[in-house]
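These notes are about the structure you will find just below.
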Amino acid sequence: MASYYERTADHWRTISYRKAISALRQQTTHIKTKAQALAIQGIGERLADKIEEIVTTGRLQRLENTSLTPEDRALQLFLSVYGVGIAQASRWVARGLYTLEDLKTKADLTRNQRIGVERYDDFRQRIPREEVAAHEEIVRQAVQEGDPDMQTIIAGSYRRGAPTSGDIDVIITKPGATVETIRSLVMETVVPKLVRQGFIKASLATSSRNEGSKWHGASALPDRDVWRRIDLLFVPGDEIGAALLYFTGNDIFNRSIRLLASKKGMCLNQHGLYKNVLRGAQRVKANQGCLVEGRDERRIFEILGVPWRPPEHRNC
Ligand code: TTP
Ligand code: MG
C-alpha cells in the first residue's frame, strides 16, 4: 500500500503506512488482532482493520483494488511473462505499452522474452501431474540411451505431491558422476536428440551464474501443441541428497531449514550441508566450512536434528 500511494503521490498516506510498517517491525510479539494492532502507537482504526484482514485472510482487498488502473494491470501482465523483471516491465509501462501485442510490435525483446510472449498462454497453464510424468519419461529414455546408469527424478511441486505444476523440474544424476559428465551427456547428446524428435521446442538462456548446472527450455508431448517449461538439473551423485532437498522446496520450507542450519553454525545449500562455518556481522559467511553430508537427504534432517518431513509435508 505504501508503494502504491508513493506512485500516486499521496504523501500523507505514504508516510502513515511507512510509520505503521516500522512500528510493526519493532514489535517483539506477533500482532494477530485489531486490538493488538491498535495498542501500537501510530496505528489507528483503519490500519488496524487492514492488519487484521491480512492476518486472517492472507490478503488485502484494498491492495487488490489498486490493480484496477490500466498501468497497474499492464505492469502485472508484463511481470507474468517469462524472462521479464520489474525494471523492464516498468520501463515498458512508462513508454505507454499495455498489451502483449504492444510488446510484440513495439518492444525490443530478448530471445527468452519473445518466446515468453509468444507462448504466454501455454506457460501460464498448470501442468497436470500425469503430463509432468510423461515429459520425464521421454527425457529418461533419451538420457538412458546415452548412459543406462544415469537416473532422472522429478523434483519441485510434483515431488511434493501437487496435482498440477507450474513447470517440470527434472534432476539428472548418477552415483559417482561429476557435474561435467552429466552436463556433457545432456548438452551434447540428450538435448540435440530431443530437439530432433520434436520434443524440445526451445532452449532458454539462463543467467551465467547457474550456466554450468542446469538447462532451461520448453517441451511438448508428441500429440500436443502446448509448450511446457522444463528444467534439467545436473546433479553429481555426491550431492543428490542436498539437491533433492533444495529442488523439492518449497521455497519457504527451504528458507526456514537453511536458517535453522545457519543458527546451528552450519550452512545448507543445493550442494551439501557444511559445518564449522564462520559468520561475521549479519550472519555473513566468512568461510565455506567443511562438508558434513551431501548424498543422503534423510541424513541431512538427522544431522540438523529435525524429524524427517516427507516431501508432501513441505508445502509451507
Ligand atoms: P520452482 O519450479 O520454481 O517451484 P515449484 O516446483 O515448487 O512450484 P511450481 O509448480 O510453480 O513449479 O522451483 C523448484 C524448487 O526450487 C522450489 O520448490 C524450491 C527451489 N527454489 C528455491 O528454493 N528458491 C527459489 O527462489 C526458486 C526459484 C526455487
Ligand atoms: Mg517447479
Side-chain angles (χ1 to χ4, degrees), residues 58 76 79-86 112 115-116 119-140 152-173 179 200 202-221 226-236 239-262 266-274 283 285 294 297 300-301 304 306 308-316:
Q76 281 160 29
L79 282 172
S80 65
V81 172
Y82 178 80
V84 178
I86 181 76
N112 283 6
I115 295 170
R119 289 286 160 172
Y120 181 79
D121 292 329
D122 287 7
F123 292 166
R124 295 273 292 170
Q125 276 182 52
R126 305 286 303 171
I127 313 166
R129 205 173 162 75
E130 311 71 58
E131 191 182 332
V132 175
H135 282 249
E136 186 243 6
E137 175 62 20
I138 292 172
V139 173
R140 191 182 58 75
T152 58
I153 304 165
I154 316 173
S157 49
Y158 179 94
R159 187 162 181 253
R160 298 197 308 275
T164 64
S165 293
D167 69 359
I168 302 161
D169 303 293
V170 183
I171 289 177
I172 301 177
T173 188
V179 70
I200 288 180
S203 294
L204 297 161
T206 54
S207 70
S208 54
R209 234 176 96 234
N210 291 315
E211 201 96 75
S213 62
K214 60 172 97 169
W215 174 91
H216 285 194
S219 56
L221 293 181
V226 189
W227 289 19
R228 305 301 198 180
R229 278 275 306 105
I230 183 167
D231 290 348
L232 305 181
L233 312 158
F234 317 150
V235 176
E239 298 179 5
I240 186 63
L244 271 174
L245 192 51
Y246 179 82
F247 290 114
T248 299
N250 64 10
D251 48 353
I252 307 294
F253 173 79
N254 284 357
R255 215 175 299 165
S256 55
I257 196 162
R258 280 199 303 261
L259 183 67
L260 187 121
S262 92
M266 291 185 265
C267 165
L268 179 65
N269 61 30
Q270 68 189 84
H271 305 292
L273 178 66
Y274 302 82
R283 312 192 76 84
K285 268 195 307 177
E297 192 182 18
I300 295 175
F301 279 82
L304 287 173
V306 184
W308 168 250
R309 280 259 285 266
E312 314 83 69
H313 293 154
R314 299 182 203 166
N315 292 301
C316 302

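Atoms within a ligand are numbered from 1 in the order they appear, just like the ligands themselves.
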Contact check, side chains of [X] and [Y], non-hydrogen atoms, under 4.5 Å:
| X | Y | answer |
| --- | --- | --- |
| Val226 | Ile127 | no |
| Leu268 | Leu245 | yes |
| Trp215 | Ile200 | yes |
| Ile168 | Glu136 | no |
| Trp227 | Ile115 | yes |

*asked:* Checking Phe301 now: which residues fulfil ring-ring contact (aromatic ring centres under 6.0 Å, His included) with it, not counting sequence neighbours?
replied: Trp308
*Using 2.8 Å as the cut-off, note every protein N, O or S atom close to the Mg ion (ligand 2).*
Asp167 OD1, Asp169 OD2
_So does Thr164 get a backbone contact from the side chain of Arg126, meaning a donor-acceptor N/O pair under 3.5 Å?_
yes
*Evaluate side chain to side chain contact (heavy atoms under 4.5 Å, CB included) for Ser80 paired with Tyr120, printing each intermediate quantity in order.*
CA-CA 9 Å; Ser80 65; Tyr120 181 79; 2.8 Å; yes
*Listed once per pair and sorted, the salt bridge (charged side-chain N to carboxylate O under 4.0 Å, His left out) pairs that draw on residues 155-166, sequence neighbours left out*: Arg159-Glu297
Using a 3.5 Å cut-off on N/O to N/O, what pairs does ligand 1 make with the protein? A line per pair would be great.
residue  : atom   : partner : partner atom : Å
ligand 1 : 2 (O)  : Asp167  : OD1          : 3.0
ligand 1 : 2 (O)  : Asp167  : OD2          : 3.2
ligand 1 : 2 (O)  : Asp169  : OD1          : 3.3
ligand 1 : 2 (O)  : Asp169  : OD2          : 3.1
ligand 1 : 6 (O)  : Ser157  : N            : 2.9
ligand 1 : 6 (O)  : Asp169  : OD2          : 3.1
ligand 1 : 7 (O)  : Arg160  : NH1          : 2.8
ligand 1 : 7 (O)  : Arg160  : NH2          : 3.2
ligand 1 : 10 (O) : Ser157  : OG           : 2.5
ligand 1 : 10 (O) : Gly166  : N            : 2.8
ligand 1 : 12 (O) : Asp167  : N            : 3.4
ligand 1 : 12 (O) : Asp167  : OD1          : 2.7
ligand 1 : 18 (O) : Arg160  : NH1          : 3.3
ligand 1 : 18 (O) : Thr248  : O            : 3.4
ligand 1 : 23 (O) : Asn254  : ND2          : 2.8

